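Only this structure's heavy atoms are used, side chains among them; waters, hydrogens and symmetry mates stay out. Every chain is numbered from 1 and lettered A, B, ... according to where its sequence line falls, protein lines coming before strand lines. Keep in mind that what you see is a predicted model, and the values were worked out from it rather than measured.
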Amino acid sequence: MIEAVGLTKRYGAKTAVYNLSFQVRPGVVTGFLGPNGSGKSTTMRMILGLDRPTAGQVTIGGHPFRQLPNAPRQVGALLDAKAVHGGRSARSHLLSLAQLAGIPAQRVDEVLGVVGLQDVAKRRSKGFSLGMGQRLGIAAALLGDPQVLLFDEPVNGLDPEGILWVRNLMKKLASEGRTVFVSSHLMSEMALTADHLIVIGRGQLLADMSVTDFISANSADFARVRTPGTEPGQREKLTSVLTEAGGQVLSEPDGALRVTGLPLPRISDLAHGADVRLWELSPHQASLEEAYMRMTQGAVDYRSTDDRLAHLQPPVQPGQPGYGMPPQPPVHEVPQQGWYAPPPPGQNPYGGAPQGSYAPAPGPYAPPAAPQPGLPQPSDTPKDAR
Amino acid sequence: MTAPTHHHAPAPHAYVSPIPVRAAHLGDALASEWTKIRSVRSTMWTLGVMILLMFAIGLGVAAIASGSGAPMGDESALGFGFFGMLPASICVITLGVLTIASEYGTGMIRTTLTACPSRARVLLAKAIVFFLLVFSVTTVVATLVALAQVGIVDTAAAPTGGEWLRATVGAGAYLAVLGLMSLGVGTLIRHSAGAITVMIGLLLLPLVAALFMFSEALKSVQEFLFTYAIPSQMIALYSERPPFGDSGPAGWEPLLIMAAVAAAALGGAFALLNSRDV
């Protein structure tokens, strides 16, 4: 069990982590997500006593890390696969760490076998690939057979076989009743590995909930509606009816409509009332990646812009075709990428609500039965992500 | 914590390792540091070069002195040990700095301090292992060189027991303590090249500066630097009386001064290591 209370870290004027409180429980894999520079590594370093918090505290099993009587036997950590003296062989490196905790040398050979490095144990780690370095780091974390495990980006540089191995290893470690805390940028990987998520942005807590709840609370759920392609008039008719009823309608490239803000039965009723036949009326629930992008889009520090090559092109002549604004279609197109519906009002932590913790609201397509405000709604819609 | 985790009930009890957990202590850290220092090539290289220099220079100087046949008066041949000790000290400084600064350079320090959160234990274990290794190697080499020098230069006076002790154990201890100071400076600076440069500067610059202080106004500064520069202290270690002027340390006193400086450097290193983010 890892418990952080009011954790804050400032580097000079920059606040890396602000008032972070969370618990990481044993028995499940807890994913730790956030954009680059959001404070994930700083938080992990504070958990391990490498950085001192400016305020607040973090404990492992009730003790600050630096007061644990034998840290490697209680906490295993992979922070940085390159945090190894390259001139030392894999075995000597692990042996020196094992001796530091009074772990017998046979255990070193055991973990070398577990991570599959037994054949290169005598080789200097300078020549290791990133994937081999990750395996060496995981071996170091497993040395003390600890109760709590922290992994910072464990699948970086691993091949598909290695990724699968890490995924199963995490799940196995958690199923044994250990606390497993994993940070990652790979959403698809987290969706498969983690049971619980802690999401931070700009050093503050954005979400602390199960993966299922996270997706239903943050996904841009929508209904896909398709009218008969043979009768284009029906599409315009339905669009105006749905817009009048308070829905937002966007057009998909293949002619379908993407409707938000109206529950499915209501769309069906409205279509029926307007005498429009429907060829498709389907709920769509977003992937973890989509839910994550939507939640963190306000908290991204480093964002790329289009490379327009503006200074490499000849100056644009006014009126020249191809550079003007294209005529606006009557119904807005769905942008192909980089766009996610804004979070519901009051849920964006940067939009006014000062509390870091994030109350999930029921998605618009959650079943209407037993509405409990503030509690996540179990959703029976198909999930793209899982 | 707004959402209860009703989808996944946590395991009823946390994992407990079948291997019993005992508290780690300084002995564990010593074993670990011994593994570390003998498993990198830089240890072998710096100590190998040091042994080579001590033998080559010590025996070479003795051979030249013997060949010249000039009378030595009441001086013993052990004083020639100094000429090997000065270049050896550069090797010891390098090893002392690398013992900790290479961990900062590679990031290994984060792994080490995660595996042993007690900064005091890590630093103490490094200092003890480094001291014992360098002290035993340099004492053995200094003894062999001293025996050879006394054998080669037959015109010199026979050394006393105290002179023998200072030329062997004293020389070994002086180099090892100088290395401990480098270990402290390496911890403070956290950068191998920077710390080695600082240490070599401290070793040689005072003497070089004093050489060019021709002005009468700087006479006192010049005398101080000549007396307390590290190479002068090494010469004083071999002599019963202050070698430069009437006052100044001689005999075992240079070792005590160096030990005090090294203790201060290590104390500062611990204070910073303990309070600084890694």
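Of the listed residues B:Arg110, B:Arg119, B:Arg276, B:Arg121, the one with more heavy-atom pairs under 4.5 angstrom with chain A than any other is B:Arg119. With chain B as partner, the option from A:Leu143, A:Leu100, A:Ile198 having the largest number of non-hydrogen pairs under 4.5 angstrom is A:Leu100. Each of A:Lys82, A:Arg45, A:Met1 has some count of heavy-atom pairs under 4.5 Å with chain B, and the biggest count is that of A:Arg45.
Contact of the A:Arg73 side chain with the B:Arg22 side chain is not registered, since no non-hydrogen atoms from C-beta on lie closer than 4.5 Å. For the pair A:Asp145 and B:Pro18, the minimum side-chain heavy-atom distance is below 4.5 Å. Side-chain atoms of A:Arg88 and B:Thr35, non-hydrogen and from C-beta on, never get closer than 4.5 Å to each other. Under the 4.5 Å side-chain criterion, counting only non-hydrogen atoms from C-beta, B:Met108 is in contact with A:Ser96.
Rounding to the nearest 0.5 Å gives a distance of 3.5 Å between CZ of B:Arg41 and CZ of A:Arg124. From A:Ser92, atom OG reaches atom NZ of B:Lys36 across 12.0 Å, with rounding to the nearest 0.5 Å. Interatomic distance, B:Thr114 OG1 to A:Leu97 CG, rounded to the nearest 0.5 Å: 9.5 Å. Here the NE2 atom belonging to A:His93 is positioned 10.5 Å from the OG atom belonging to B:Ser39, to the nearest 0.5 angstrom. Rounded to the nearest 0.5 Å, atoms OG (B:Ser17) and CZ (A:Arg178) are 7.5 Å apart.
Heavy atoms of A:Asp51 lying under 4.5 Å from chain B belong to its backbone as well as its side chain. For A:Ala77, the part lying under 4.5 angstrom from a heavy atom of chain B is the side chain only. Heavy-atom distances place both the backbone and the side chain of B:Thr112 under 4.5 Å from chain A. Neither the backbone nor the side chain of B:Ser118 comes within contact range of chain A, judged by heavy atoms closer than 4.5 Å. Neither the backbone nor the side chain of A:Pro104 comes within less than 4.5 Å of any heavy atom in chain B.
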Distance-only donor-acceptor pairs under 3.5 Å for side chains of residues 57-66 of chain A, two or more places apart:
| residue | atom | partner | partner atom | Å |
| --- | --- | --- | --- | --- |
| A:Arg66 | NH2 | B:Asn274 | O | 3.3 |
| A:Arg66 | NH2 | B:Asn274 | OD1 | 2.7 |

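Here the shortest heavy-atom pairing between A:Ala101 and B:Ala24 reads CA-CB, 4.4 Å. Taking each heavy atom of A:Gln99 and B:Ala31 in turn, the nearest pair found is OE1-O, 3.0 Å.
Contacts from residues 172-183 of chain B to chain A, taken as heavy-atom pairs separated by less than 4.5 Å, involve no residues at all.
By the salt bridge (Lys or Arg N to Asp or Glu O under 4.0 Å) test, A:Lys9 pairs with B:Asp277, sequence neighbours left out.
Listed by first and then second residue, the ring-ring contact (aromatic ring centres under 6.0 Å, His included) pairs involving residues 110-135 of chain B are B:Phe131-B:Phe135 (not counting sequence neighbours).
Proximity of a side-chain donor or acceptor of B:Thr111 to a complementary backbone N or O of A:Ala83 within less than 3.5 Å is detected. The closest donor-acceptor contact from the side chain of A:Gln147 to the backbone of B:Tyr15 lies under 3.5 Å.
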